[in-house]
Chemist: 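There's a structure below that I have some questions on.
Since we're looking at a predicted model, the values are computed, not measured. Lettering follows sequence order; numbering is per chain, from 1.
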Amino acid sequence: MFTDLAAAADSPLLHNLNPEQRAAVTLPAGNALILAGAGSGKTRVLTTRIAWLLQTGQVSPGGILAVTFTNKAAKEMMTRLGAMLPVNVRGMWIGTFHGLCNRFLRAHWKLANLPSTFQILDTQDQLSAIKRLMKQFNVDDERFPAKQTQWFIAGAKEDGLRPRDVEARSDDDRKKVELYQLYEEQCQREGVVDFGELMLRSYELLRDNDPVREHYQRRFRHILIDEFQDTNRLQYAWIKMLSGTTAEGRFTPNDNSVIAVGDDDQSIYAFRGARVGNMADFVREFDVSHQIKLEQNYRSYSNILDSANALISHNTKRLGKNLRTDQGPGEPVRVYEATSDFAEAQWMVEEMRQLVRDGIDRKEMAVLYRSNAQSRVIETALFNAAVPYRVYGGLRFFERAEIKHALAYLRLLENKDDDTSFLRIVNFPPRGIGARSIEQLQDAARAAGRSMHDAVSAVGGKAGSNLTAFVAKIDVLREQTQGLSLREIIELVLDHSGLIEHYKADREGADRIENLEELVNAAESFVTQEGFGRDAVALPVDELRQSPASQGLDPNRPVLDEPLAPDAETGETLSPLAAFLTHAALESGDNQAQAGQDAVQLMTVHAAKGLEFDCVFITGMEEGLFPHENSMSDNESLEEERRLMYVAITRARQRLYMSHSQTRMLHGQTRYNLKSRFFDELPEGALKWLTPKNQGFTPSAFGYGGGYATTRGGAGGFSKDSFASPPVPPQKAAPSHGLRSGMQVFHNKFGEGTVTALEGTGDDARAQINFPRHGIKWLALSVAKLTPV
DNA sequence: GGGAAGGTTCTACTA
DNA sequence: GAACCTTCCC
């Protein structure tokens, strides 16, 4: 280890960094903002910064707090750091916001007013808890859909608001606040916390408890936040609290340093509470002394970067940043117009085949789309062509029904008051406890102010005996599992719960049984990885004592993991089962099918953030789809769509394709979309149109018939750089429908409207009609019944 | 309790 | 168009 910075300047850690990266890594103490463009080596800078701080003895491992948004990012950081330095990264506070808050609350559960066995509700659990609550209080779920209530509660928590803090402007709001209040009481009674609560409660404990706050403020000398543009209000406040806010709420930056790393151009989560404004606030409120821009891109050729830069320059609210590369222009960005979504997929399959012939791995090809519904057509095309593919998204391992059932049994062993889990399994597998019995039990529980588990004795009759038997079963299981290993516990529960038996009887239960067996494996590898039984959580004391880094710290405060703060519950560690349940809630497993196979990657643009591929296809580049119709009305969300597009473009290393289609099946009906306005924002010089650049479908083209290339018949014409079937010449045939631009027509559903444009002939004929009450629509004349007025 | 039938919804999604 | 949820009926 280095003891002085002069020696450190030669550290091998700093080799191969560009000047900006080096400056970021070696920043002096103080708060700083790093604007890191896509592909600029952000993760590398973050991890090298931590390694450098440790190596130069400026901080000990315990003095670092590094926060990310995803488990994946946290894991990557730890892996890289572990490769740079011989430190026990597991013992460091590197993790997601929620993971770290969980860790914090486990250490201070008493102060946080939680049971030591508190369980975490995921989004599904939260929704069912809310539904249950609304039923209990007879809330009209037409007027207050449970999903909306959930949204409201989660949103309030993300803003750091308790029910009493929420400003209710309408009766509906007041009702929602009331539900929020009741929901909180229910969670508290049952000893469960949702994701928002993990954050909010940690924040409040820091805010309200001076010794705890001051302790952590002293401890975390270097705080690093990744993806800062995605932080919400509460997370921002949490960081502020950790870095220095007094009991009076005055913010006085401590002698710790906060480094925020982010890219305002990649902020795509405003819809779920992220505030890009946090970046500007941070600069102002944290007295930022250094700002560094990482603009050197190591990922893409310049045609791709030029496209990204040109596009994003149309956004007005930006901190300002331009990506550059030393690589040449590379291939042009290829643009394709298809006649239908089907043909678009077909073309893509052909193009991929060619790419494979060119020696590109399938796993280096990604198909990006704006919304999940678009994947179906593409999947079908890939499937029919026998091209292996992999879809991101969908249910993750720990979210599957059978897994959640098994976990519910395990959770009840840990916390008998968890009514959400109780309800999930009280009659699963079926054991003769119907809705009536459950209702009786709920009433009894409510009357006694107890959990359902504790209230079974109050229900009489046959219902009562069935319930008693169920509770007895759980209690016996709890007894039997004492002292067993995690693996044995789960096997016992799977066996005695009757889950396996139940799925055996089910014709389609084989997969579910397989998953349940996988759960045992997951538990097994969790135990070995986390090192339960061994002490992998805390850093070896000796290592710290010998480190020069610890010299500057208060010797009475060992910078160990936990317990370490005043009033932290001492000595108590989570049981392997409790730890596993937490793991299951916070890390719901892989979001993708089995890795390894050389398969084309399909995902939404959102899911692609942070990834990169040699070849990227951006599909469905159409008005109403991308930008999405729900985001086209106001400028704010349109700018978010543009950032989304920016993210999509910057995923590509070598080749980028964009495609749009004239027709598309959506929600069971054919739609005619204009090509995306984003095409007009790209530099013509970087593009190559594989089909003639279409003028036919721009809004200004009134009554223009044809002019677009059609590949009908030779579905998806393709050859390496052009297209196989020549474009059909513009159709000049006289329309047979007798409609003309400017005509007034009547539609059964939309009423009266004005024809503003006409397109195509025969079965393909369509008209654009402006309905005063329903807006502008494209209607296929072979389908829509229109009568001239 | 379970299946059939009918109704509803459909942007992005991490923890 | 399809996946999901609720309701109805045996």
Chemist: To the nearest Å, give me how far apart NZ (A/Lys147) and P (B/dT11) are.
Modeler: 11 Å

Chemist: Just call it for A/Tyr269: base, sugar-phosphate, or nothing, with non-hydrogen atoms closer than 4.0 Å on any strand.
Modeler: sugar-phosphate

Chemist: Taking the side chain of A/His606 as heavy atoms from C-beta outward, which of B/dT11, B/dG1, B/dC13 is closest to it?
Modeler: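 Output: B/dC13.
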
Chemist: Considering only the C1' atoms, how many Å lie between B/dT11 and C/dT6, rounded to the nearest integer?
Modeler: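 Rounded to whole Å, the distance is 25 Å.
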
Chemist: Check for a donor-acceptor pair, side chain of A/Glu587 on one end and backbone N or O of A/Ala584 on the other, with a separation under 3.5 Å.
Modeler: no

Chemist: How would you label the contact of A/Gly432 with the nucleic acid (heavy atoms, under 4.0 Å): base, sugar-phosphate, or nothing?
Modeler: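 It contacts sugar-phosphate atoms only.
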
Chemist: Which residues pass the salt bridge (charged side-chain N to carboxylate O under 4.0 Å, His left out) test with A/Glu639, not counting sequence neighbours?
Modeler: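 Expected list: none.
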
Chemist: For A/Arg370 and A/His502, find the nucleotide of DNA chain B closest to each by heavy atoms; which residue's nucleotide sits nearer the 5' end?
Modeler: A/His502

Chemist: By the 4.0 Å heavy-atom rule, please label A/Phe195 as base, sugar-phosphate, or nothing.
Modeler: base

Chemist: Show me the protein contacts with nucleotides 1-5 of chain C, counting only N or O atoms at under 3.5 Å.
Modeler:
residue : atom : partner  : partner atom : Å
C/dA3   : OP1  : A/Arg376 : NH2          : 3.0

Chemist: Base, sugar-phosphate or nothing for A/Leu121? Non-hydrogen atoms, less than 4.0 Å.
Modeler: nothing

Chemist: Report the residues that fulfil ring-ring contact (aromatic ring centres under 6.0 Å, His included) with A/Phe422, sequence neighbours left out, ordered by chain and then residue number.
Modeler: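 If we apply the ring-ring contact (aromatic ring centres under 6.0 Å, His included) test to A/Phe422, skipping adjacent residues, the hits are A/Phe470.
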
Chemist: Heavy atoms under 4.0 Å, any strand shown: does A/Asn372 hit a base, just sugar-phosphate, or nothing?
Modeler: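 Contact class for A/Asn372: sugar-phosphate only.
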
Chemist: Between A/Tyr657 and A/Phe617, how do the two ring planes meet: parallel, tilted or perpendicular, split at 30° and 60°?
Modeler: parallel

Chemist: Roughly, in whole Å, what's the span from CG in A/Leu644 to C1' in B/dT11?
Modeler: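 So the CG-C1' distance, A/Leu644 to B/dT11, works out to 10 Å.
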
Chemist: From the list B/dT14, B/dT11, B/dC13, which nucleotide is the closest neighbour of the side chain of A/Ala607?
Modeler: B/dC13

Chemist: Rounding to an integer number of Å, can you tell me how far A/Phe118 CZ sits from B/dA15 C1'?
Modeler: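 It is 14 Å, rounded to the nearest whole Å.
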
Chemist: Strictly below 4.0 Å: does A/Arg272 bring a side-chain N or O up to OP1 or OP2 of B/dA15?
Modeler: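 Checking A/Arg272 against B/dA15: no side-chain N or O falls below 4.0 Å of OP1 or OP2.
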
Chemist: May I ask you to decide whether A/Arg80 forms a salt bridge with A/Glu76, counting only side-chain N to carboxylate O separations under 4.0 Å?
Modeler: yes

Chemist: Send over the distance from A/Gln148 CD to B/dT9 P, rounded to a whole Å.
Modeler: 12 Å

Chemist: Base, sugar-phosphate or nothing for A/Asn71? Non-hydrogen atoms, less than 4.0 Å.
Modeler: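 If one applies the 4.0 Å heavy-atom cut-off, A/Asn71 turns out to touch the sugar-phosphate alone, with no base involved.
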
Chemist: So which pairs with a foot in residues 659-670 of chain A pass salt bridge (charged side-chain N to carboxylate O under 4.0 Å, His left out), sequence neighbours left out?
Modeler: A/Glu344-A/Arg664, A/Glu622-A/Arg664

Chemist: With respect to the side chain of A/Asn427, which nucleotide from B/dA15, B/dC13, B/dG1 is positioned closest?
Modeler: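 Of all the options, the side chain of A/Asn427 is nearest to B/dG1.
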
Chemist: Of the nucleotides B/dC13, B/dG1, B/dA15, which has the atom closest to the A/Pro430 side chain?
Modeler: B/dG1

Chemist: Write down the distance between CZ (A/Arg103) and P (B/dA15), rounded to a whole number of angstrom.
Modeler: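 These atoms are roughly 17 Å apart.
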
Chemist: Could you tell me whether the phosphate oxygens of B/dT11, OP1 or OP2, come under 4.0 Å of any side-chain nitrogen or oxygen in A/Thr604?
Modeler: no

Chemist: Nearest to the side chain of A/Ser631, heavy atoms from C-beta on, is which of B/dC13, B/dA15, B/dT11?
Modeler: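 Nearest to the side-chain atoms of A/Ser631, counting from C-beta on, is B/dT11.
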
Chemist: Round to the nearest Å and state the distance from A/Lys157 atom NZ to B/dA15 atom C1'.
Modeler: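 Computing the A/Lys157:NZ to B/dA15:C1' distance gives 13 Å.
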
Chemist: A/Ser371 side chain: which of B/dA15, B/dA12, B/dC13 is closest?
Modeler: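 Between B/dA15, B/dA12, B/dC13, the one nearest the side chain of A/Ser371 would be B/dA12.
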
Chemist: Report yes or no: is the ring centroid of A/Phe271 under 5.5 Å from the six-membered base ring centroid of B/dA12, with the two planes under 30 degrees?
Modeler: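 It does: the two rings, one from A/Phe271 and one from B/dA12, meet the stacking criterion.
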
Chemist: Which class fits the ring pair A/Phe580 and A/His583: parallel under 30°, tilted 30 to 60°, perpendicular over 60°?
Modeler: parallel

Chemist: At a cut-off of 3.5 Å, list every protein nitrogen or oxygen paired with a nitrogen or oxygen from nucleotides 5-8 of chain B, distance to 0.1 Å.
Modeler:
none

Chemist: Could you give the CD-to-P distance, from A/Gln119 to B/dA15, as a whole number of Å?
Modeler: 19 Å

Chemist: Going by the rule ring-ring contact (aromatic ring centres under 6.0 Å, His included), which residues pair with A/Phe220 if we only count those two or more places apart in sequence or in a different chain?
Modeler: A/Trp93, A/Tyr216

Chemist: Respond yes when some side-chain nitrogen or oxygen of A/Arg396 is under 4.0 Å from OP1 or OP2 of B/dA15, and no when none is.
Modeler: yes

Chemist: Nearest-nucleotide wise, let me know which of A/Gly99 and A/His628 is further upstream toward the 5' end of DNA chain B.
Modeler: A/His628

Chemist: Mind checking what makes salt bridge (charged side-chain N to carboxylate O under 4.0 Å, His left out) contact with A/Arg162, not counting sequence neighbours?
Modeler: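 With neighbours one apart ignored, the set is A/Glu184, A/Glu197, A/Glu204.
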
Chemist: If the plane angle is over 60° it's perpendicular, under 30° parallel, otherwise tilted; pick one for A/Tyr503 and A/Phe428.
Modeler: tilted

Chemist: Taking N and O atoms by type only, does the side chain of A/Thr123 place a donor or acceptor under 3.5 Å from a partner on the base of B/dA15?
Modeler: yes

Chemist: Can you name the residues that form a side-chain hydrogen bond (donor to acceptor under 3.5 Å, both in side chains) with A/Ser375, not counting sequence neighbours?
Modeler: A/Glu379

Chemist: Sequence neighbours left out, what passes ring-ring contact (aromatic ring centres under 6.0 Å, His included) with A/Phe383? Give chain and number order.
Modeler: none

Chemist: Whole-Å distance between B/dC10 P and A/Gln374 CD?
Modeler: 17 Å

